[in-house]
Amino acid sequence: MIKLVKGFKDILPEEAGLWQHVEMLVRELLEDFGFAELRIPILEQTELFARSIGTSTDIVEKEMYTFIDRSGESLTLRPEATASVVRAYIEHRLYAKNPVRKLYTIGPMFRRERPQKGRYRQFYQINAEVFGLHDPRADAELILLLMTFMGRLELSGIVLHINSLGCPACRPRFKDALKSFLTGRSEQLCSDCLRRRDKNPLRIFDCKVPACKETMQDAPSILEHLCNTCQSHFEIVKTSLDRFQMPYQVNPRLVRGLDYYTRTTFEVLAETLGAQDAVAGGGRYDGLVKALGGPDQPGIGFAIGIDRLMALLAGRAQDFEKRPHIFIAAIGEQAQNIAFQWVQDLRRQRVRAEMDFENRSLKSQMRRADKLGVTYALIVGDRELDDGAAVLRNMTTKEQEKVSLQNVVTLVANRIRAEQSIH
RNA sequence: GUGAGUGUAGCUCAGUCGGUAGAGCACCGGGUUGUGGCCCCGGUGGUCGAGGGUUCAAGUCCCUUCACUCACCCCA
């Protein structure tokens, strides 16, 4: 039997309704906040990711699905969306009319990591990016948008962490301070951290090895090394969040894996998710647009992991399954033919009608109606055909009424429409 | 890439000291004329992950291998 590729998954019909609902909610909200959808391809030139994400990151070093196309060029299945959005912003000169653009995109990303709970090789993200705004209130607004979305989904047990990574002016100074702190403490660090020390010392803050954690307790904090501009930027982000009563936790150890981040970074953590507990994350990337050959415009964005969101919403999937409205139980060939016509007519009026083509016993057809969860069953057999009226049964109240054969479709359609407008 | 755990029916799982495969749920049918859920009865469904070995005999013991899961790493 041919099976799924490792780390990939199918989204089954039972869950697809919830996915649709979540996507609808987020589109609505993003558009209210002035975002427009940008649809971008899944494949890009490898160099785009190498240059934006950073060549020494794990993603670029060992996690990308890269292959040589028949023409000889190196292509990569996108491991994240920001690079592509920036590429499109530059390539189509989206900054020309107005440098301020708010864009969102939804779709799959690919990273070849070892799969585990909440981590797949193809995973889905909702991405929002804002270009052209330096103001820290833009950072706060984006975070508020993200948290509003979480709120609308009625998620509990989630925490917002924020931090500032500084800018090209102050981050090097901090790195130096960190390096000199680490000098002479190599004994206390694990082998991974020793490797990180030269490459990307900020990552040591993330290490879970107890000895490293202990050592890093006394390490200098980035927040104490921010330049004045970065410091006041971060202050305004915080006071803006305060102003809207948005709770957050300042986490100086929040270091993000992609090289392009500057100043504000944030993550939404969910305690019930296990080891992969980040549902969403993002930050500011002021140098990226220019680095990729565009104008010197700042950027800020976030990504929401839809798969992880779904894990948090598990159990609510059944509320969004589209059940049929009515099941027509027809006994005998003549009745089946009439029922077949009714089903088609009802669907034309946007009523979800189902029937059985196998001429089963009424009992088994009723059982089927019950399983489908319909509110109405329509019964028609020789008796009803002679009588000129079918029997409409309300499955919850068990009330039955006669409906003349001529009026069946309109009556049923009206009845169901009326019920929907109540809910 | 590294480590640990788990593989028996569609799903969740039992299976004793090695003796020829089981339950619950699901599915199909029945419980007197043409009416669902609850209850009762019956039925379909298995290469016991795969390959090899030991044995009169292997789901069970041994070896190999594959898959899945969780964790490390990293991140959504």
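Every chain is numbered from 1, with letters handed out A, B, ... down the list of sequences.
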(message) Can you build the contact string for nucleotides 31-37 of chain B? Use B for base contact, S for sugar-phosphate-only contact, and - for no protein heavy atom under 4.0 Å.
(response) B--BBBB
(request) Could you check Ala303(A) against Leu273(A) and say which one's nearest nucleotide on RNA chain B is further toward the 5' end? (result)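 Upstream on the strand: Leu273(A).
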How long is the line joining [atom1] of [X] and [atom2] of [N], in whole Å?
X         : N      : atom1 : atom2 : value
Arg111(A) : C73(B) : CZ    : C1'   : 14 Å
Gln276(A) : C73(B) : CD    : P     : 10 Å
Asp277(A) : C74(B) : CG    : P     : 14 Å
His161(A) : C75(B) : NE2   : P     : 16 Å
Arg121(A) : A76(B) : CZ    : C1'   : 16 Å
Ile53(A)  : C74(B) : CD1   : P     : 16 Å
Phe149(A) : A76(B) : CZ    : C1'   : 13 Å
Glu63(A)  : C75(B) : CD    : C1'   : 8 Å

(request) Apply side chain to side chain contact (heavy atoms under 4.5 Å, CB included) to Lys102(A) and list each qualifying residue two or more places apart in sequence or on a separate chain. (result)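 Partners of Lys102(A) by the side chain to side chain contact (heavy atoms under 4.5 Å, CB included) criterion, ordered by chain and then number, come out as Phe35(A), Val130(A), Glu141(A).
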Pairs where [range] contributes a residue and the test side chain to side chain donor-acceptor pair (under 3.5 Å) is met, not counting sequence neighbours:
range                       : result
residues 313-327 of chain A : His325(A)-Gln420(A)
residues 120-134 of chain A : Thr82(A)-Glu129(A), Gln122(A)-Tyr124(A), Asn127(A)-Glu129(A), Glu129(A)-Tyr285(A)
residues 143-159 of chain A : none

(message) Using the side chain to side chain donor-acceptor pair (under 3.5 Å) criterion, which residues pair with Glu28(A)? Sequence neighbours excluded.
(response)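 Checked Glu28(A) against side chain to side chain donor-acceptor pair (under 3.5 Å); zero matches.
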(message) Any donor-acceptor pair under 3.5 Å linking the side-chain atoms of Asp286(A) with those of Tyr260(A)?
(response)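 Result is no, nothing qualifies.
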(message) Under a plain distance cut-off of 3.5 Å, with no hydrogens placed, do Arg417(A) and Gln349(A) share a side-chain donor-acceptor pair?
(response)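 A donor-acceptor contact under 3.5 Å links the two side chains.
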(request) Return the set of residues passing ring-ring contact (aromatic ring centres under 6.0 Å, His included) with Phe320(A) (not counting sequence neighbours), or none when no residue passes. (result)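 Counting only residues at least two positions away or on another chain, Phe320(A) forms a ring-ring contact (aromatic ring centres under 6.0 Å, His included) with His21(A).
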(request) Fill in the dot-bracket string of RNA chain B, one character per base: . for unpaired, | for a pair to another strand, ( ) or [ ] for pairs within the strand, taking Watson-Crick or G-U pairs under 3.5 Å. (result) (((((((..((((.....[..)))).(((((.......))))).....(((((..]....))))))))))))....
[atom1]-based separation of [M] from [N] [nearest Å]:
N      : M      : atom1 : result
C62(B) : U54(B) : P     : 16 Å
U16(B) : G7(B)  : P     : 13 Å
C13(B) : G18(B) : C1'   : 22 Å
U8(B)  : G15(B) : C1'   : 9 Å
C39(B) : A67(B) : P     : 42 Å
G24(B) : U33(B) : C1'   : 35 Å
G49(B) : G42(B) : P     : 29 Å
A26(B) : C11(B) : C1'   : 7 Å

(message) Closer than 4.0 angstrom, basic N to acidic O: yes or no for Glu399(A) and Arg393(A)?
(response)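 Between Arg393(A) and Glu399(A) there is no salt bridge, as every charged N stays at least 4.0 Å from the carboxylate O atoms.
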(message) Working to the nearest 0.5 angstrom, can you tell me the gap between Asp277(A) CG and Lys117(A) NZ?
(response)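 The CG atom of Asp277(A) sits 11.0 Å away from the NZ atom of Lys117(A).
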(message) Tell me whether Thr264(A) contacts the main-chain N or O of Ser164(A) through its side chain, where contact means a donor paired with an acceptor under 3.5 Å.
(response)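 Checked: no pair found.
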(request) Return yes if some donor-acceptor pair links the side-chain N/O of Arg111(A) with the main-chain N/O of Arg119(A) below 3.5 Å, else return no. (result)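 Checking the backbone N and O of Arg119(A) against the side chain of Arg111(A), no donor-acceptor pair under 3.5 Å is found.
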(request) Output every pair passing salt bridge (charged side-chain N to carboxylate O under 4.0 Å, His left out) with a member in residues 360-369 of chain A, not counting sequence neighbours, ordered by first then second residue. (result)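 Pairs touching residues 360-369 of chain A that pass the test: Asp356(A)-Arg360(A), Glu358(A)-Arg360(A).
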(message) With hydrogens left out and only the distance checked, is there a donor-acceptor pair under 3.5 Å joining Arg119(A)'s side chain and the base of C74(B)?
(response)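 Looking at the base of C74(B), it does pair with a donor or acceptor on the side chain of Arg119(A) (distance under 3.5 Å).
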(request) Please name all residues satisfying salt bridge (charged side-chain N to carboxylate O under 4.0 Å, His left out) with Asp345(A), sequence neighbours left out, ordered by chain then number. (result)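 Result, salt bridge (charged side-chain N to carboxylate O under 4.0 Å, His left out) vs Asp345(A): Arg348(A).
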(message) Ring centroids only, cut at 6.0 angstrom: are Tyr376(A) and Phe327(A) within range, meaning strictly under it?
(response)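 Aromatic pair excluded; centres sit 6.0 Å or further apart.
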Check the interface with nucleotides 64-70 of chain B: list each N/O to N/O pair with the protein under 3.5 Å, or write none.
from	atom 1	to	atom 2	distance (Å)
C68(B)	OP2	Lys6(A)	NZ	3.0
C70(B)	OP1	Lys117(A)	N	3.4
C70(B)	OP2	Lys117(A)	N	2.9

(message) So is the aromatic ring of Phe123(A) stacked onto the base of A76(B), judging by whether the centres are under 5.5 Å apart and the planes are under 30° apart?
(response)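 Per 5.5 Å and 30° rule: yes, stacked.
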(request) Could you tell me whether Ala280(A) contacts a base, only the sugar-phosphate backbone, or nothing, with contacts defined as non-hydrogen atoms closer than 4.0 Å? (result)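 If one applies the 4.0 Å heavy-atom cut-off, Ala280(A) turns out to touch the sugar-phosphate alone, with no base involved.
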(message) Students often get this wrong, so: under 4.0 angstrom with heavy atoms, is Arg360(A) touching a base, only sugar-phosphate, or nothing?
(response)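 The answer is sugar-phosphate, as Arg360(A) gets under 4.0 Å only of primed atoms, P, OP1 or OP2.
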(request) Please work out which residues in residues 8-25 of chain A have a non-hydrogen atom less than 4.0 Å from an atom of RNA chain B and list them by number. (result)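 Those residues whose heavy atoms fall under 4.0 Å from RNA chain B, taken from residues 8-25 of chain A, amount to none.
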